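Before we start, here is the structure in question, set down as structure tokens.
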Amino acid sequence: MKNIFFCALVLDDSIKDGKLILPKAIVQKHGNILPSKAFLKVPTGDKWQVSLEEQDGRMWFGAGWPEFVSFYSIKHGYFLEFKFDGNMTFHVIVFHRSCTDIDYPSKQASQRSSVNQQFDSFTMKMVAAYINTRYMCIPSIFARSYNMENHKSVILQGPDGEMHPVKCRYNPHGEYLKYPKLFGGWGAFVKTYNIQIGDTCVFKLLDPETFTLQVQILKA
């Protein structure tokens, strides 16, 4: 099978809705051979698992796409080139609005640098996906260290000492929940403390039993 090549311009909807719709011509011509799950592979060799979902003749990258967007700080107006190799992998090049490709951070190095040596705290730079889509990813190394898969919710202690319950999900052995994240209640927490894109949040584990995380917010 020949490689399938297409380009996509990232718009606000692709970020806010947490999905990237594939070009109609690609779906009509090749939709029947595209897998239901695949990998996005950047030039550094790092891979991100995503789902390919379809409805009413439309197809899009769903689960896993928000994490990809967040990690590479993809914004409105960015331009992506995709090449499907026929073996569940889309090779992706990400271009700035200036039409130069981005500097690709290392996936593993980023996780190591965001978690301290005792694994009881981690820092997260707030990107658009964490503000607009009402969820936030957590470094996998932290989630594994404290068996986060056994918890359905966490408690965030704000800078003012107030407690905020937030739902979480993590299944390191699953297909689509292998990236730990906070969701239900995270959006309200962001709004309460006026967290903005570019701010840095420091999360420190206070109680592993209740999974209470103290949050310090460093404004940009």
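Being a predicted model, the structure only gives us computed values, none of them experimental.
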**Asked** Is the charged tip of Arg169 near the ring of Phe183: under 6.0 Å from the six-membered ring centre and within 45° of its axis?
**Response** yes

**Fill in**
Taken to the nearest 0.5 Å, the spacing of Met136 CE from Cys201 SG works out to 7.5 Å

**Request:** Using atom types as modelled and distance alone, determine if a side-chain donor or acceptor of Lys75 lies under 3.5 Å from a backbone N or O of Ser73.
**Result:**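 Yes: the side chain of Lys75 pairs with the backbone of Ser73.
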
**Item:** Set of residues satisfying ring pair (Phe, Tyr, Trp, His ring centres under 6.0 Å) with respect to Phe5, sequence neighbours excluded
**Value:**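 Residues passing ring pair (Phe, Tyr, Trp, His ring centres under 6.0 Å) with Phe5: none at all.
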
**Prompt:** For His96 and Tyr78, what are the C-alpha separation, side-chain angles and deciding distance, and is it a ring-ring contact (aromatic ring centres under 6.0 Å, His included)?
**Reply:** CA-CA 5 Å; His96 290 286; Tyr78 277 35; 5.3 Å; yes

**Asked** Rounded to the nearest 0.5 Å, what separation is found between the CZ atom of Phe6 and the NZ atom of Lys29?
**Response** 13.5 Å

**Request:** Take Leu34 and Met59, measure what side-chain contact (heavy atoms from CB on, under 4.5 Å) needs, and give me the verdict at the end.
**Result:** CA-CA 10 Å; Leu34 294 177; Met59 185 174 285; 3.6 Å; yes

**Message:** Do Ile155 and Val166 make a side-chain contact, defined as non-hydrogen atoms from C-beta onward lying under 4.5 Å apart?
**Reply:** no

**Message:** Can you tell me how the ring of Phe90 sits relative to the ring of Phe84, calling it parallel under 30°, perpendicular over 60° and tilted otherwise?
**Reply:**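 Aromatic pair Phe90/Phe84 classed tilted.
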
**Request:** Please name all residues satisfying side chain to side chain donor-acceptor pair (under 3.5 Å) with Asn194, sequence neighbours left out, ordered by chain then number.
**Result:** Gln196

**Request:** Taking atom CG of Asp103 as the centre, report whether more than 12 heavy atoms of other residues, nucleotides or ligands fall under 6.0 Å from it.
**Result:** no

**Prompt:** Any side-chain heavy-atom pair from His91 and Asp85 closer than 4.5 angstrom?
**Reply:** yes

**Request:** Would you check, one step at a time, whether the test side-chain contact (heavy atoms from CB on, under 4.5 Å) holds for Val202 with Val215?
**Result:** CA-CA 6 Å; Val202 181; Val215 186; over 6 Å; no

**Message:** Apply ring-ring contact (aromatic ring centres under 6.0 Å, His included) to residues Phe68 and Phe61 and explain how you reach the verdict.
**Reply:** CA-CA 10 Å; Phe68 182 83; Phe61 293 126; 8.6 Å; no

**Ile26 and Ile4, any side-chain heavy atoms less than 4.5 Å apart** = yes

**Val10 reachable from Ile21 in the ILVMFWY side-chain graph, under 4.5 Å edges** = no

**Asked** Rounded to the nearest 0.5 Å, what separation is found between the OG atom of Ser70 and the CH2 atom of Trp48?
**Response** 8.0 Å

**Message:** If the condition is ring pair (Phe, Tyr, Trp, His ring centres under 6.0 Å), which residues does Phe189 pass it with, not counting sequence neighbours?
**Reply:** His164, Trp186, Tyr193

**Partner set under side chain to side chain donor-acceptor pair (under 3.5 Å) for Asp17, not counting sequence neighbours** =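 By the side chain to side chain donor-acceptor pair (under 3.5 Å) rule, Asp17 matches no residue at all.
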
**Request:** Give the intermediate values and the outcome of side-chain contact (heavy atoms from CB on, under 4.5 Å) for residues Ile131 and Ile195.
**Result:** CA-CA 8 Å; Ile131 305 300; Ile195 299 174; 4.0 Å; yes

**Residues that Thr200 engages under side chain to side chain donor-acceptor pair (under 3.5 Å), provided they are two or more places apart** =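 Residues passing side chain to side chain donor-acceptor pair (under 3.5 Å) with Thr200: none at all.
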
**Message:** Do Phe82 and Leu20 have side chains that approach each other closer than 4.5 Å (heavy atoms only, starting at C-beta)?
**Reply:**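 SC-SC contact between Phe82 and Leu20 confirmed.
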
**Message:** Let me confirm one number: the OG-CD distance from Ser121 to Gln216, rounded to the nearest 0.5 Å.
**Reply:**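 Answer for the OG-CD pair, Ser121 versus Gln216, is 10.0 Å.
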
**Prompt:** Within 45 degrees of the axis of the six-membered ring of Trp60 and under 6.0 Å from its centre: does Lys19 put its NZ or CZ there?
**Reply:** yes

**Prompt:** From Thr89 OG1 over to Leu40 CG, what is the distance, rounded to the nearest 0.5 angstrom?
**Reply:**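 It is 9.0 Å, given to the nearest 0.5 Å.
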
**Request:** Walk me through it: do Gln157 and Glu162 pass the test side-chain contact (heavy atoms from CB on, under 4.5 Å)?
**Result:** CA-CA 6 Å; Gln157 183 187 77; Glu162 290 294 320; over 6 Å; no

**Closest non-hydrogen atom pair, Leu182 against Cys168** =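 Looks like CD2-CB, 3.8 Å.
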
**Asked** Does the Arg58 side chain pair with the main chain of Pro23, one donor and one acceptor, at a distance under 3.5 Å?
**Response**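 Here the side-chain-to-backbone pair does not exist.
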
**Asked** Closest heavy-atom contact between Glu53 and Ser51?
**Response** OE2-OG, 2.8 Å

**Asked** Ignoring hydrogens and geometry, is there a side-chain-to-backbone donor-acceptor pair from Tyr135 to Gly187 under 3.5 Å?
**Response** no

**Asked** Do Leu205 and Phe211 come close enough that some side-chain heavy atom pair is under 4.5 Å?
**Response** yes

**Request:** Mind checking the CH2-CG spacing from Trp65 to Leu52? Nearest 0.5 Å is all I need.
**Result:**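 Answer rounded to 0.5 Å: 11.5 Å.
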
**Message:** Side-chain heavy atoms nearer than 4.5 Å, only ILVMFWY residues, links allowed to pass through others: does that put Met88 and Val42 together?
**Reply:**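 Per the 4.5 Å side-chain linkage, Met88 and Val42 are not co-clustered.
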
**Request:** Kindly give the heavy-atom pair with the smallest separation between Pro43 and Ile93, and that separation in Å.
**Result:** CG-CG1, 4.4 Å

**Asked** Can you find a pair of side-chain heavy atoms, one from Lys204 and one from Leu213, that are under 4.5 Å apart?
**Response**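 Counting from C-beta outward, Lys204 and Leu213 never come under 4.5 Å.
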
**Request:** Keeping the roles fixed (side chain from Thr192, backbone from Ala188), state whether a donor-acceptor pair exists under 3.5 Å.
**Result:** yes

**Complete:** Residue set satisfying ring pair (Phe, Tyr, Trp, His ring centres under 6.0 Å) with Phe203, at least two apart, ordered chain then number -> Phe122

**Message:** What I'd like to find out is whether the side chain of Asp46 reaches to under 4.5 Å of the side chain of Tyr72, using heavy atoms alone.
**Reply:** yes

**Item:** Heavy-atom side-chain contact between Tyr104 and Val94 under 4.5 Å
**Value:** yes

